[in-house]
K.L.:
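Can you read through this structure? Questions will come right after.
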Amino acid sequence: MVVPSRKSRQYLIDNNYVETVISLAPNLFFGTTIAVTILVLSKSKTDNTTQFIDASALFKKETNTNTLTDAHIEQIMQLFDSKEDAEYVAISVDNSAIAENDYNLSVSSYVEAKDTREVIDITELNAELKTTVAKISQLRVAIDSIVAEIEGAKVAGGEA
(Lines give C-alpha, C1' and ligand atoms only; values in the text may rest on other atoms or scores of the structure.)
Protein backbone atom coordinates (compact mmCIF):
# COMPACT_ATOMS: atom_id res chain seq x y z
CA MET A 1 0.00 0.00 0.00
CA VAL A 2 1.42 3.36 -0.98
CA VAL A 3 0.64 6.11 1.50
CA PRO A 4 1.49 9.60 0.32
CA SER A 5 3.86 11.37 2.69
CA ARG A 6 2.71 14.43 4.60
CA LYS A 7 4.74 16.58 2.23
CA SER A 8 3.00 15.00 -0.79
CA ARG A 9 -0.44 15.35 0.78
CA GLN A 10 0.29 18.99 1.64
CA TYR A 11 1.38 19.70 -1.92
CA LEU A 12 -1.76 18.08 -3.35
CA ILE A 13 -4.13 19.90 -0.97
CA ASP A 14 -2.39 23.29 -1.07
CA ASN A 15 -2.47 23.21 -4.88
CA ASN A 16 -6.12 22.05 -4.85
CA TYR A 17 -5.44 18.86 -6.84
CA VAL A 18 -7.39 16.34 -4.72
CA GLU A 19 -10.96 16.12 -5.93
CA THR A 20 -12.14 13.02 -4.05
CA VAL A 21 -10.84 10.36 -1.68
CA ILE A 22 -12.79 7.08 -1.89
CA SER A 23 -12.39 4.33 0.70
CA LEU A 24 -13.28 0.85 -0.58
CA ALA A 25 -13.87 -2.44 1.23
CA PRO A 26 -11.02 -4.80 2.03
CA ASN A 27 -10.27 -7.92 -0.02
CA LEU A 28 -11.54 -6.52 -3.33
CA PHE A 29 -8.42 -7.14 -5.38
CA PHE A 30 -6.60 -10.42 -5.98
CA GLY A 31 -3.77 -10.89 -3.52
CA THR A 32 -4.69 -7.75 -1.56
CA THR A 33 -6.72 -8.31 1.59
CA ILE A 34 -6.39 -4.74 2.88
CA ALA A 35 -8.84 -1.93 2.22
CA VAL A 36 -8.02 0.30 -0.75
CA THR A 37 -8.28 4.06 -1.03
CA ILE A 38 -8.60 5.85 -4.36
CA LEU A 39 -7.36 9.42 -4.79
CA VAL A 40 -9.10 11.23 -7.63
CA LEU A 41 -6.91 14.12 -8.74
CA SER A 42 -7.82 17.11 -10.89
CA LYS A 43 -5.78 20.08 -12.03
CA SER A 44 -8.88 22.07 -13.00
CA LYS A 45 -10.94 22.18 -9.80
CA THR A 46 -12.84 25.40 -9.19
CA ASP A 47 -13.80 24.91 -5.54
CA ASN A 48 -11.45 24.55 -2.56
CA THR A 49 -13.02 21.42 -1.08
CA THR A 50 -12.15 17.75 -1.13
CA GLN A 51 -14.86 15.13 -1.22
CA PHE A 52 -14.54 12.05 1.00
CA ILE A 53 -16.59 8.93 0.20
CA ASP A 54 -16.76 5.92 2.52
CA ALA A 55 -17.70 3.08 0.19
CA SER A 56 -16.25 0.42 2.50
CA ALA A 57 -19.70 -1.05 3.16
CA LEU A 58 -20.44 -1.45 -0.54
CA PHE A 59 -19.43 -4.96 -1.53
CA LYS A 60 -20.78 -8.41 -2.21
CA LYS A 61 -19.17 -11.26 -0.29
CA GLU A 62 -17.91 -13.96 -2.64
CA THR A 63 -16.08 -17.17 -1.77
CA ASN A 64 -12.65 -15.80 -0.83
CA THR A 65 -12.96 -12.22 -1.97
CA ASN A 66 -15.36 -9.30 -1.97
CA THR A 67 -16.64 -7.79 -5.20
CA LEU A 68 -18.16 -4.50 -6.27
CA THR A 69 -21.38 -4.98 -8.20
CA ASP A 70 -22.51 -2.64 -10.98
CA ALA A 71 -25.05 -1.21 -8.50
CA HIS A 72 -22.25 -0.44 -6.02
CA ILE A 73 -20.17 1.25 -8.69
CA GLU A 74 -23.21 3.25 -9.80
CA GLN A 75 -23.84 4.37 -6.21
CA ILE A 76 -20.22 5.50 -5.82
CA MET A 77 -20.36 7.34 -9.15
CA GLN A 78 -23.60 9.11 -8.19
CA LEU A 79 -22.00 10.31 -4.95
CA PHE A 80 -18.91 11.40 -6.86
CA ASP A 81 -20.86 13.23 -9.59
CA SER A 82 -23.31 14.98 -7.27
CA LYS A 83 -20.70 16.10 -4.74
CA GLU A 84 -23.57 16.14 -2.22
CA ASP A 85 -23.04 15.18 1.39
CA ALA A 86 -24.67 11.91 2.45
CA GLU A 87 -24.82 11.06 6.13
CA TYR A 88 -22.33 8.33 7.07
CA VAL A 89 -21.16 8.02 3.44
CA ALA A 90 -19.91 11.24 1.85
CA ILE A 91 -18.85 14.74 2.83
CA SER A 92 -17.04 17.63 1.18
CA VAL A 93 -14.43 19.25 3.41
CA ASP A 94 -12.80 22.64 2.93
CA ASN A 95 -9.10 22.28 2.20
CA SER A 96 -8.26 24.63 5.08
CA ALA A 97 -9.86 22.12 7.48
CA ILE A 98 -7.75 19.35 5.96
CA ALA A 99 -4.64 21.51 6.46
CA GLU A 100 -5.64 22.06 10.10
CA ASN A 101 -5.92 18.26 10.42
CA ASP A 102 -2.24 17.86 9.41
CA TYR A 103 -3.23 17.11 5.79
CA ASN A 104 -4.77 13.82 6.86
CA LEU A 105 -6.61 12.22 3.91
CA SER A 106 -8.11 9.30 5.81
CA VAL A 107 -11.81 9.03 4.95
CA SER A 108 -12.67 7.91 8.49
CA SER A 109 -11.31 11.21 9.81
CA TYR A 110 -14.07 13.12 8.01
CA VAL A 111 -16.98 10.75 7.35
CA GLU A 112 -18.69 9.82 10.59
CA ALA A 113 -19.28 6.08 10.91
CA LYS A 114 -22.84 5.00 11.53
CA ASP A 115 -23.41 3.81 15.08
CA THR A 116 -24.75 0.28 14.62
CA ARG A 117 -24.85 -0.56 18.30
CA GLU A 118 -28.20 -1.75 19.62
CA VAL A 119 -30.24 1.01 21.25
CA ILE A 120 -31.33 -0.06 24.71
CA ASP A 121 -34.33 1.43 26.50
CA ILE A 122 -33.07 1.78 30.07
CA THR A 123 -36.58 2.16 31.51
CA GLU A 124 -37.71 -1.07 29.84
CA LEU A 125 -34.52 -2.86 30.91
CA ASN A 126 -35.00 -1.76 34.52
CA ALA A 127 -38.61 -3.02 34.45
CA GLU A 128 -37.43 -6.40 33.12
CA LEU A 129 -34.76 -6.57 35.84
CA LYS A 130 -37.35 -5.78 38.52
CA THR A 131 -39.59 -8.58 37.21
CA THR A 132 -36.66 -11.01 37.09
CA VAL A 133 -35.56 -10.17 40.64
CA ALA A 134 -39.15 -10.72 41.85
CA LYS A 135 -39.27 -14.15 40.13
CA ILE A 136 -35.93 -15.10 41.67
CA SER A 137 -37.24 -14.13 45.11
CA GLN A 138 -40.33 -16.31 44.57
CA LEU A 139 -38.14 -19.21 43.49
CA ARG A 140 -35.95 -18.81 46.60
CA VAL A 141 -39.04 -18.96 48.82
CA ALA A 142 -40.25 -22.08 46.99
CA ILE A 143 -36.82 -23.73 47.23
CA ASP A 144 -36.53 -22.86 50.92
CA SER A 145 -39.98 -24.42 51.47
CA ILE A 146 -39.00 -27.61 49.63
CA VAL A 147 -35.71 -27.83 51.55
CA ALA A 148 -37.59 -27.34 54.84
CA GLU A 149 -40.04 -30.15 53.91
CA ILE A 150 -37.17 -32.49 53.01
CA GLU A 151 -35.31 -31.68 56.22
CA GLY A 152 -38.53 -32.06 58.21
CA ALA A 153 -39.13 -35.46 56.64
CA LYS A 154 -35.58 -36.53 57.52
CA VAL A 155 -36.02 -35.42 61.14
CA ALA A 156 -39.42 -37.11 61.40
CA GLY A 157 -38.07 -40.27 59.73
CA GLY A 158 -34.99 -40.32 61.94
CA GLU A 159 -37.03 -40.02 65.16
CA ALA A 160 -39.21 -43.01 64.42
Side-chain angles (χ1 to χ4, degrees), residues 1-6 9 18 20-40 49-94 96-160:
M1 177 169 93
V2 178
V3 178
S5 68
R6 184 193 184 282
R9 295 189 312 267
V18 181
T20 303
V21 181
I22 304 170
S23 175
L24 298 176
N27 208 24
L28 283 175
F29 301 102
F30 180 75
T32 305
T33 57
I34 60 171
V36 174
T37 299
I38 299 171
L39 285 178
V40 180
T49 63
T50 299
Q51 180 187 38
F52 291 89
I53 299 175
D54 183 359
S56 61
L58 301 177
F59 66 91
K60 178 181 177 187
K61 181 71 177 158
E62 296 288 336
T63 53
N64 291 331
T65 60
N66 296 325
T67 59
L68 284 174
T69 65
D70 289 343
H72 295 139
I73 295 168
E74 180 62 30
Q75 190 174 353
I76 294 167
M77 290 307 300
Q78 284 177 355
L79 290 164
F80 175 78
D81 289 339
S82 74
K83 299 291 188 254
E84 291 180 11
D85 291 353
E87 190 173 33
Y88 309 120
V89 182
I91 190 168
S92 290
V93 178
D94 193 88
S96 62
I98 297 170
E100 289 172 14
N101 196 16
D102 200 31
Y103 297 95
N104 182 346
L105 294 179
S106 173
V107 172
S108 62
S109 295
Y110 303 100
V111 177
E112 180 184 353
K114 185 173 185 176
D115 187 355
T116 57
R117 295 177 295 181
E118 180 183 359
V119 177
I120 298 173
D121 182 351
I122 298 298
T123 306
E124 183 179 318
L125 182 62
N126 283 335
E128 287 178 25
L129 284 172
K130 188 175 183 178
T131 302
T132 303
V133 168
K135 287 180 182 178
I136 290 171
S137 294
Q138 289 174 346
L139 286 171
R140 282 189 178 144
V141 168
I143 290 170
D144 288 346
S145 174
I146 292 169
V147 169
E149 276 184 42
I150 292 171
E151 287 177 350
K154 284 183 184 178
V155 171
E159 292 176 20

K.L.:
Mind checking side-chain contact (heavy atoms from CB on, under 4.5 Å) for Ala97 and listing every partner two or more places apart, or none if nothing turns up?
P.N.:
Val93
K.L.:
Under a 3.5 Å distance rule, please check whether Gln51 uses its side chain to pair with a backbone N or O of Leu79 as donor and acceptor.
P.N.:
yes
K.L.:
OG1/Thr69 to CD1/Ile73 distance, rounded to the nearest 0.5 angstrom?
P.N.:
7.0 Å
K.L.:
Is Leu28 close to Val36 at the side-chain level, that is, under 4.5 Å between some pair of heavy atoms?
P.N.:
no
K.L.:
Please confirm whether the backbone N or O of Ala127 pairs with a side-chain atom of Thr131, one donor and one acceptor, at under 3.5 Å?
P.N.:
yes
K.L.:
Kindly compute the distance separating CG (Asn101) from CD1 (Ile98), expressed to the nearest 0.5 Å.
P.N.:
8.5 Å
K.L.:
Can a donor-acceptor pair be found, under 3.5 Å and without considering hydrogens, that links the side chain of Ser145 to the backbone of Val141?
P.N.:
no
K.L.:
Asp85 and Ile91: which non-hydrogen atoms are nearest, and at how many Å?
P.N.:
OD1-CA, 3.2 Å
K.L.:
At what distance, to the nearest 0.5 angstrom, does CD of Glu74 lie from CD1 of Ile76?
P.N.:
10.0 Å
K.L.:
Taking atom CG of Asn126 and atom CD1 of Ile122, what is their separation to the nearest 0.5 Å?
P.N.:
6.5 Å
K.L.:
Within the supplied structure, the quantity of interest is the number of heavy atoms (other residues, nucleotides, ligands) at a distance under 6.0 Å from Lys83 NZ; does it exceed 12?
P.N.:
yes
K.L.:
Would you find more than 12 non-hydrogen atoms of other residues, nucleotides or ligands less than 6.0 Å from Asp70 atom CG?
P.N.:
no
K.L.:
What is the minimum heavy-atom distance between Ile53 and Ala90, and which atoms define it?
P.N.:
CG1-CB, 4.1 Å
K.L.:
Closest approach of Thr67 and His72, non-hydrogen atoms and distance?
P.N.:
O-ND1, 4.1 Å
K.L.:
Please check if the number of heavy atoms outside Lys61 that lie under 6.0 Å from its NZ is greater than 12.
P.N.:
yes
K.L.:
Closest heavy-atom contact between Arg9 and Asp102?
P.N.:
NH2-O, 3.8 Å
K.L.:
Which heavy-atom pair separates Tyr110 from Asn104 by the least distance, and what is that distance?
P.N.:
OH-O, 2.7 Å
K.L.:
Which heavy atom of Ile22 sits nearest a heavy atom of Val107, and at what distance?
P.N.:
C-CG2, 4.4 Å
K.L.:
To the nearest 0.5 Å, what is the distance between CG (Leu105) and OG1 (Thr50)?
P.N.:
7.0 Å
K.L.:
Is any side-chain heavy atom of Ile38 closer than 4.5 Å to a side-chain heavy atom of Phe80?
P.N.:
no
